[in-house]
Amino acid sequence: METLRRRSPEFDSLIRAGPRLGPLKQAHARLIVAGHGRTLPLVTKLATLAVAAGAAPYAHLLAASHPSCDSFLLSSLVRAAAHRGLPAAALAFYRRLLTAALPLSSFSFTAVAKACADLSALRIGMAVHAHSILLGFGSDRFVQTAMVALYCKCGQLPVARKVFDAIRDRSVVAWNAMISGYEQNGLSERAIEVYREMQVAQVVPDSATFVATLSACAQAGALDLGREVERHIVSEKMDVNVFLGSALVNMYARCGLVYNARNWFDKLQARNVVTWTSMIAGYGMHGHGREAIKLFHLMRHEGPTPNDVTFVAVLAACAHAGLVTEGHDAFDSMKRVYGLVPRAEHYCSMVDMYGRAGLLDDAMQFIRDTIPEKPGPEVWTAMLGACKMHKNFNLGVEVAERLIALEPENPSHRVLLSNIYALSGKMYHVEKVRNTMIKSRLKKQIGYSLIDLGGTAHLFRMGEKSHQQTREIYQYLEELIHRISDAGYIPETDSVLHELEEEEREVALRYHSEKLAVAYGLMMSNGSTAPIRIIKNLRICGDCHLAIKFMSSVENREIIVRDKHRFHHFKDGKCSCLEYW
DNA sequence: GTAGGGTTAG
């Protein structure tokens with residue numbers, strides 16, 4: 001039987017004041033008058049609430065002026081500060097604990113680990129970890145879990161995994177930390193593996209598990225698993241909170257089912273700025289600029305206040321749909337109505353938007369007149385893309401040279417420059433740029449395409465030969481290329497000269513990763529007519545874009561490709577992007 | 001006389 005103890009009226013008055021500084025100060029005054037100004041438990045509660053109210057200095061004063069300030073008081077403050085998003089204050093309270101030579105508890109370590117995680121302070125975090133082991137907390141599950149989260153936040157996944165593996169009897173929270181850690185570091189496949197391991201271990205997942213796993217699905221384009229998680233949520237009648245709701249919307253949008261995303265969006269009880277932004281970004285990625293703008297107007301009318309991220313989504317949507325006027329208005333209202341300061345991403349989207357629409361002069365004028373100080377490399381990259389798209393080679397060369405001067409060590413700028421030279425027929429210059437690259441051993445990003453079949457992701461790199469069915473896949477692709485050639489496909493050999501930051505020029509276009517992935521998807525479909533879904537890490541190249549249009553028509557199959565920037569829905573020989581990349 | 005770890009968008 002648990003004994004119910006009545007709380008003192010003083011304690012109750014603190015609880016009533018809550019994490020609000022004004023009422024807390026009044027309560028503090030009453031404590032002093034009642035002769036409780038030094039009663040440690042009450043001071044502890046008061047100081048903790050003060051931190052929760054954001055008033056760390058006030059709490060600090062309370063702690064410092066107490067003659068017998070104890071470990072409990074200070075570790076409560078560490079925890080409250082870490083929890084309240086005041087990691088620097090949390091570290092300061094932790095240092096007081098150390099300098100006062102007070103005993104440390106597992107509570108102090110979990111709290112300070114979170115503070116280090118929020119600061120991505122790896123060195124301090126490692127010292128804290130070592131200290132915790134030294135004091136005998138090395139096998140405390142709570143401390144271990146906090147360390148997993150810490151190493152994940154600092155990008156030290158192998159270390160995190162080692163700590164995770166050493167936890168005996170891992171709680172659902174430990175699993176969640178590991179899944180989300182992989183996902184947040186771009187290792188969505190690993191995140192999915194851990195989710196599967198968790199199922200095998202028969203640990204009951206909670207909503208945080210699903211949030212992290214759905215994010216991994218969104219990243220990896222793992223639609224089947226995303227649906228599996230959704231079925232679980234529905235059949236278990238789980239409460240779909242704002243996190244889970246946003247994760248579902250995001251998963252469907254990024255897996256290519258923008259209507260399912262909207263369905264969830266409409267159904268959700270709780271929506272915040274993240275939910276709205278995900279939905280708008282989803283429309284944008286699919287080239288549904290009008291829908292994005294419509295939803296944005298609805299948001300302004302009856303939704304939460306848009307933030308800087310919302311505007312990234314809105315401007316990108318306008319850029320991908322050629323909605324120049326709308327984008328211009330949005331950019332204007334972002335500054336004037338919402339007082340937001342545009343960042344590089346916003347400027348980029350604007351340049352991209354003018355550029356794609358062929359308004360190169362407007363884009364240049366925007367760069368000159370609207371962007372304060374010197375535009376970054378991203379802006380010039382967007383400008384260069386526009387020059388290439390609209391075949392303005394002189395301007396393109398000028399822009400590419402600026403880029404190289406700005407970031408000489410970045411290989412993709414040189415690839416872009418060599419493409420521009422190639423496009424304008426200056427093959428001598430192409431060779432020169434390539435030789436510089438070879439000499440300085442600059443390597444470009446390697447392109448790959450993913451296809452998810454029956455819950456397993458198959459990864460293809462250009463010229464890939466490591467797949468078990470390599471021979472069949474290449475043979476299938478050869479036949480497929482014959483069939484589309486009969487239908488009128490002529491390889492865009494100058495496509496080397498198109499979107500080529502992506503894949504090696506020497507290798508024949510036909511072995512580009514997306515073609516291999518599509519061939520594999522078609523080969524393995526066994527009479528299924530479900531759309532083929534491909535995820536590509538870079539932008540799709542012009543020749544592949546053309547070839548897949550033909551494939552969709554010859555094979556009478558919907559093919560959906562998500563590239564670095566957007567979705568391409570290929571159907572009946574057409575693509576939803578309407579050549580508007 | 002009190003507290004613990006994990007959680008979404010570009």
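Worth knowing before you read on, the calculation uses all heavy atoms, side chains too, and leaves out hydrogens, waters and symmetry mates. Residue numbers begin at 1 in each chain, while the letters A, B, ... track the order of the sequences.
Here B:dT7 is the nucleotide among B:dT7, B:dA9, B:dG10 with the atom lying nearest to any side-chain atom of A:S207. Here the side chain of A:V274 is nearest to one of B:dT8, B:dG1, B:dG5, namely B:dT8. Nearest to the side chain of A:E183, among B:dG10, B:dA9, B:dA3, sits B:dA9. The side chain of A:T44 has B:dT2 as its nearest neighbour among B:dG6, B:dT2, B:dA9. For A:V309, counting side-chain heavy atoms from C-beta on, the closest listed nucleotide (B:dT2, B:dG10, B:dG6) is B:dG10. Listed nucleotides: B:dG6, B:dT7, B:dA3. Nearest to the side chain of A:V173: B:dG6. Of the candidate nucleotides B:dG10, B:dG5, B:dA9, B:dG10 has the atom lying nearest to any side-chain atom of A:E345.
At whole-Å resolution of the value, NZ in A:K564 and P in B:dG10 are 14 Å apart. Distance, A:H320 NE2 to B:dG10 P: 13 Å, rounded to whole Å. Rounding to whole angstrom units, CE of residue A:M238 and P of B:dT7 are separated by 16 Å. If you measure from atom CH2 of A:W264 to atom P of B:dA9, you get 18 Å, rounded to the nearest angstrom. Atom P of nucleotide B:dT8 and atom CG of A:L268 are separated by 16 Å, given to the nearest angstrom. Remark: C1' of B:dG10 and CE of A:M334 are 12 Å apart, rounded to the nearest angstrom. Look at CZ on A:F265: it is 14 Å from C1' on B:dT8, rounded to the nearest Å. Straight-line distance from the CE atom of A:M285 to the P atom of B:dG10: 6 Å, rounded to whole Å.
Heavy atoms of A:D206 sit under 4.0 angstrom from at least one base atom. A:Q219 comes within 4.0 angstrom of no nucleic acid atom, judged by non-hydrogen atoms across all strands. A:S171 comes within 4.0 angstrom of a base, heavy atoms only. Using a 4.0 Å heavy-atom cutoff across all strands shown, A:S106 reaches at least one base atom of the nucleic acid. Within the 4.0 angstrom heavy-atom criterion, only backbone atoms of the sugar-phosphate kind lie near A:R254; the bases stay farther away. Nucleic acid contact class of A:S246 (heavy atoms, under 4.0 Å, all strands): base. Contact annotation for A:F72: base contact, defined as any heavy-atom pair under 4.0 Å involving a base atom. Using a 4.0 Å heavy-atom cutoff across all strands shown, A:A212 reaches no nucleic acid atom at all.
Applying the 4.0 Å criterion to OP1 and OP2 of B:dG5, one finds that A:R170 has every side-chain N and O outside that range. For B:dT8, the OP1/OP2 oxygens have a side-chain nitrogen or oxygen of A:Q184 closer than 4.0 Å. Contact annotation: A:R79 does not reach the phosphate of B:dA3 (side-chain N/O to OP1 or OP2, under 4.0 Å).
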**Request:** Show your reasoning for whether side-chain contact (heavy atoms from CB on, under 4.5 Å) applies to A:L295 and A:E291.
**Result:** CA-CA 6 Å; A:L295 194 61; A:E291 284 299 328; over 6 Å; no
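B:dA3 has A:F107 stacked on its base ring, the centres lying under 5.5 angstrom apart and the planes within 30 degrees of parallel.
Under 3.5 Å, the side chains of A:H320 and A:H565 contain no donor-acceptor pair of N or O atoms.
In this model, no side-chain donor or acceptor of A:S180 finds a partner on the base of B:dG6 within 3.5 Å.
Remark: aromatic rings of A:W276 and A:F296 are distant, center separation not under 6.0 Å.
The backbone N or O of A:D169 lies less than 3.5 Å from a partner atom in the side chain of A:R141, making a donor-acceptor pair.
Relative to the ring axis of A:F311, A:K335 does not place its NZ or CZ within 45° and under 6.0 Å from the centre.
When all heavy atoms of A:H129 and A:S132 are compared, the closest pair comes out as O-OG, 2.6 Å.
Between A:R30 and A:E10 there is no salt bridge, since no side-chain N of the basic residue sits under 4.0 Å from a carboxylate O of the acidic one.
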